[in-house]
Amino acid sequence: MQKGSITNRVWYKIRLIAASDHKTACNSGSGKAIVSFLFIMNVRVRFAPSPTGFLHIGGARTALFNWLYARHTGGTFVLRIEDTDAARNTQEATDVILHGLRWLGLDWDEGPASNNPAGPSKGDYGPYFQSQRGEMYKKRVQELKDKGMAYESEGAVKFKMDRNPIVIPDLVVGDVRRELTDREQVDPDFVIIRSDGQPVFHFVNVVDDLDMRITHVIRGEDHLTNTAKHIALFRAFGVEPPKYAHIPLILNPDGSKMSKRDTGASLQSYMDDGSAPEAVVNYLCLLGWSPKENREKLPLEEIVKLFDLPQVLRHNARFDLDKMKWLDGEYLREMNDDRFRELGAQALRRAGFALDKYPADYVKAALTTCKGKIKRFGELGAYAGFYFSDEVKIDPALAEKEFTDEAKARVKKLRAAFEQLPQFVAAELEKALKATAAELGIKAGPLVHPTRLACTGAAAGPSLYHLLEILGRDKVLQRLDIH
RNA sequence: GACCCUAUCGUCUAGUGGUUAGGACACCGCCCUUUCACGGCAGUAGCAGGGGUUCGACUCCCCUUAGGGUCGCCA
């Protein structure tokens with residue numbers, strides 16, 4: 001089968017027709033047959049993470065692609081937690097995944113309704129935590145044993161693997177004919193139940209996909225060659241395997257595998273650095289997929305419309321933090337003011353600034369001057385911290401450069417002018433500064449730089465006149481008193 | 001060792017036999033500007049190598065090379 005096969009296209013078209021018929025049929029009150037037809041055809045995808053304590057950026061993209069495909073086709077997005085490794089899986093680890101998905105806005109139609117494995121869930125195919133599905137696995141093992149497809153070996157249960165090459169039809173990669181490796185030729189059978197009674201990944205993954213009626217398995221390419229095992233398992237159960245789509249991996253900038261500790265590997269780092277979730281989602285879409293027509297930044301609704309599996313690229317992508325930051329900046333610039341201030345305030349509090357000591361209007365005005373200037377909220381502490389500190393920390397190197405005796409004398413003159421100002425507002429401050437500069441026979445620049453440094457401690461920051469107004473006369477005069 | 005996937009500027013990508021190989025990030029220059037950012041204009045930079053097929057290959061086939069993945073009583 002070729003990429004974007006005829007089978008798939010026809011199948012997809014049928015679903016579309018069914019969907020539109022469904023609407024009319026329901027409106028006329030006789031859509032029963034169509035509904036069951038729809039039920040069979042409806043796309044069901046799943047994201048099946050293992051709670052390891054962090055959500056890998058590649059995992060996040062896998063979740064996103066699944067979510068996009070579900071939304072694009074009008075299908076169902078299932079979340080299943082693969083917590084079979086009791087030693088490793090903790091409540092906190094599960095929290096991290098659910099929190100990450102919620103942060104990204106990837107809502108699931110079926111799956112856990114709480115973070116508790118034994119807690120409630122939504123959907124008809126639960127439980128959605130593998131730790132709660134032991135009985136189902138037992139039944140399936142027995143089924144295989146009864147069929148003579150599984151047998152006990154040294155306390156474990158092994159599956160009788162097909163000795164012949166298996167062709168994996170993949171929506172992204174095309175047909176993949178998988179031969180046995182040299183080791184597999186020695187013993188192609190593999191363990192499905194450990195000697196301690198716990199089922200292993202390949203087995204539970206297939207059983208759950210089968211029981212949950214998953215129609216499309218969209219996952220990382222690292223699973224591609226193992227898919228032969230999964231197909232053999234499905235066949236052993238007497239059912240057709242789902243359609244597969246193996247998406248390329250996200251690598252480090254140097255092309256190496258992205259592991260836990262690498263920059264940007266954990267979704268948490270984007271939250272910590274103050275990315276906008278919509279920026280992360282947009283960036284992730286651009287890795288391994290393209291909206292074409294030279295488009296880079298586009299709203300989610302648009303992506304949902306355009307996204308499809310056959311167009312997913314076949315080669316791995318490298319993670320580019322610069323481009324991520326660029327998109328971050330774009331989204332922060334266009335964010336509505338209230339949300340910008342809200343997220344900005346959160347970031348500053350996280351960075352240790354006691355915003356509550358300041359009047360709400362002051363905080364609001366201060367944050368507003370940062371809008372359109374920063375790329376990520378994590379920059380706010382360094383960018384706008386001067387608003388919320390009693391002491392201004394000035395870089396000694398910059399001080400030496402800007403605070404020359406000449407500059408100090410000029411600033412002193414400016415300070416006197418500011419002191420006399422009837423109204424301490426941006427427009428007046430600007431007039432006063434320019435007038436002072438004129439009196440001194442210099443341009444505004446040489447006066448602006450030391451003033452900014454004295455008041456903010458940095459060479460770059462929000463609009464000077466506005467920041468002075470917000471800071472207020474007392475603080476400004478105090479900070480301009482350079483020694 | 002075996003098996004599998006992949007290969008367009010530094011990076012993400014458009015491109016499906018005939019293009020001056022397009023865009024974005026990054027970088028560089030200029031303009032704008034109180035700083036920074038934004039914006040505007042311009043620029044540097046790419047089809048991994050070798051064989052075929054063809055009138056003609058970035059595009060199709062093979063080989064090499066390189067990168068990635070898998071072969072677990074981890075997921």
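Throughout, a chain's letter reflects where its sequence line sits, starting with A, and its residues are numbered from 1.
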Apply ring-ring contact (aromatic ring centres under 6.0 Å, His included) to residues A:H230 and A:H202 and explain how you reach the verdict.
CA-CA 7 Å; A:H230 301 177; A:H202 297 301; 5.1 Å; yes
Measure from NZ or CZ of A:R46 to the centre of the six-membered ring of A:F77, then state whether that distance is under 6.0 Å and the direction lies within 45° of the axis.
no
Side chains of residues 48-58 of chain A: which donor-acceptor partners sit under 3.5 Å, not counting sequence neighbours?
from  : atom 1 : to     : atom 2 : distance (Å)
A:S50 : OG     : A:E82  : O      : 3.4
A:H56 : ND1    : A:G58  : N      : 2.8
A:H56 : NE2    : A:M258 : O      : 3.1

Check nucleotides 59-62 of chain B for protein N or O atoms closer than 3.5 Å to its own N or O atoms and list the pairs.
none

Just N and O in the side chain of A:H202: are any of them under 4.0 Å from OP1 or OP2 of B:C74?
no
Cationic tip of A:K160 above A:Y151 ring, under 6.0 Å, 45° of axis
no
Distance-only donor-acceptor test (3.5 Å): side chain A:K292, base B:A14:
no
Under 4.0 angstrom between A:T84 side-chain N/O and B:A75 OP1 or OP2:
yes
At under 4.0 Å between heavy atoms, how does the protein contact nucleotides 30-46 of chain B? Give one character per nucleotide, 5' to 3', with B, S or -.
----BBBSS--------
Using a 4.0 Å heavy-atom cut-off, does A:G288 contact any base of the nucleic acid, only the sugar-phosphate backbone, or nothing at all?
sugar-phosphate
Geometric cation-pi criterion A:K229 and A:F190, 6.0 Å radius, 45° cone:
yes
Within the 4.0 Å heavy-atom criterion, would you say A:Q185 contacts the bases, only the backbone, or no part of the nucleic acid?
nothing
Could you give the distance separating B:U8 and B:G15 at their C1' atoms, to the nearest angstrom?
9 Å
With heavy atoms under 4.0 Å as the rule, sort A:R177 into base, sugar-phosphate or nothing.
sugar-phosphate
How do A:G255 and A:M324 order along RNA chain B: which one's closest nucleotide is nearer the 5' end?
A:M324
Taking the minimum atom-to-atom distance to the side chain of A:L313, which one of B:A75, B:G68, B:U13 wins?
B:U13
Determine which nucleotide pairs with B:U20, using a 3.5 Å limit on both distances of a Watson-Crick or G-U wobble pair.
none
Whole-Å C1' distance, B:U19 and B:C47:
13 Å
Could I get the full list of salt bridge (Lys or Arg N to Asp or Glu O under 4.0 Å) partners for A:K431, not counting sequence neighbours?
A:E428
When you measure from the side chain of A:T225, which nucleotide among B:G69, B:C71, B:C25 comes out closest?
B:G69
Side chain of A:V176: nearest nucleotide among B:U6, B:C4, B:G23?
B:C4
Under 3.5 Å on both distances, the Watson-Crick or G-U partner of B:U70:
B:A2
Taking only the side-chain heavy atoms of A:E82 (C-beta and beyond), determine which of B:A75, B:C5, B:A2 contains the nearest atom.
B:A75
Looking at B:C71, I'd like to know if its phosphate oxygens (OP1 or OP2) sit under 4.0 Å from a side-chain N or O belonging to A:N226.
yes
Between A:L224 and A:D196, the residue closer to the 5' end of RNA chain B by nearest nucleotide is A:L224
Nearest heavy atoms of A:R452 and A:L467, plus distance in Å
NH1-CD1, 3.9 Å
Taking every heavy atom of A:R133 against every heavy atom of A:P127, the minimum-distance pair comes out as NH1-O, 2.6 Å
Searching all strands shown, indicate the nucleotide that pairs with B:C41 (Watson-Crick or G-U wobble; both distances under 3.5 Å).
B:G29
At under 4.0 Å between heavy atoms, what does A:S290 touch on the DNA or RNA strands: base, sugar-phosphate, or nothing?
sugar-phosphate
List for me each residue that meets salt bridge (Lys or Arg N to Asp or Glu O under 4.0 Å) alongside A:K325, sequence neighbours excluded, and say none if there are none.
none
Return the orientation label for the A:Y270 and A:F319 ring planes: parallel under 30°, perpendicular over 60°, tilted otherwise.
perpendicular
Hey, is the side chain of A:E296 pairing donor to acceptor with the base of B:G23 inside 3.5 Å?
yes
Any non-hydrogen side-chain atom of A:F203 less than 4.5 Å from a side-chain atom of A:L144?
yes
Presence of donor-acceptor pair under 3.5 Å, side chain of A:D182 and base of B:G1
yes
Test side chain to side chain contact (heavy atoms under 4.5 Å, CB included) applied to A:S389 - qualifying residues, sequence neighbours left out:
A:F353
Separation of the P atoms in B:G68 and B:C28, to the nearest angstrom:
30 Å
When only distance counts, do a donor and an acceptor, one from the side chain of A:S195 and one from the base of B:C73, lie under 3.5 Å apart?
yes
Quick note, A:L249 side chain, CB onward, closest among B:A75, B:G68, B:A14 is B:G68
Using a heavy-atom cut-off of under 4.0 Å over every strand shown, decide if A:K257 touches base, sugar-phosphate, or nothing.
sugar-phosphate
So does A:R194 get a side-chain nitrogen or oxygen closer than 4.0 Å to the phosphate oxygens (OP1/OP2) of B:C74?
yes
Nearest to the side chain of A:R183, which nucleotide is it out of B:G1, B:G15, B:C4?
B:G1
If the C1' atom of B:C3 is compared with that of B:A57, how far apart are they to the nearest Å?
31 Å
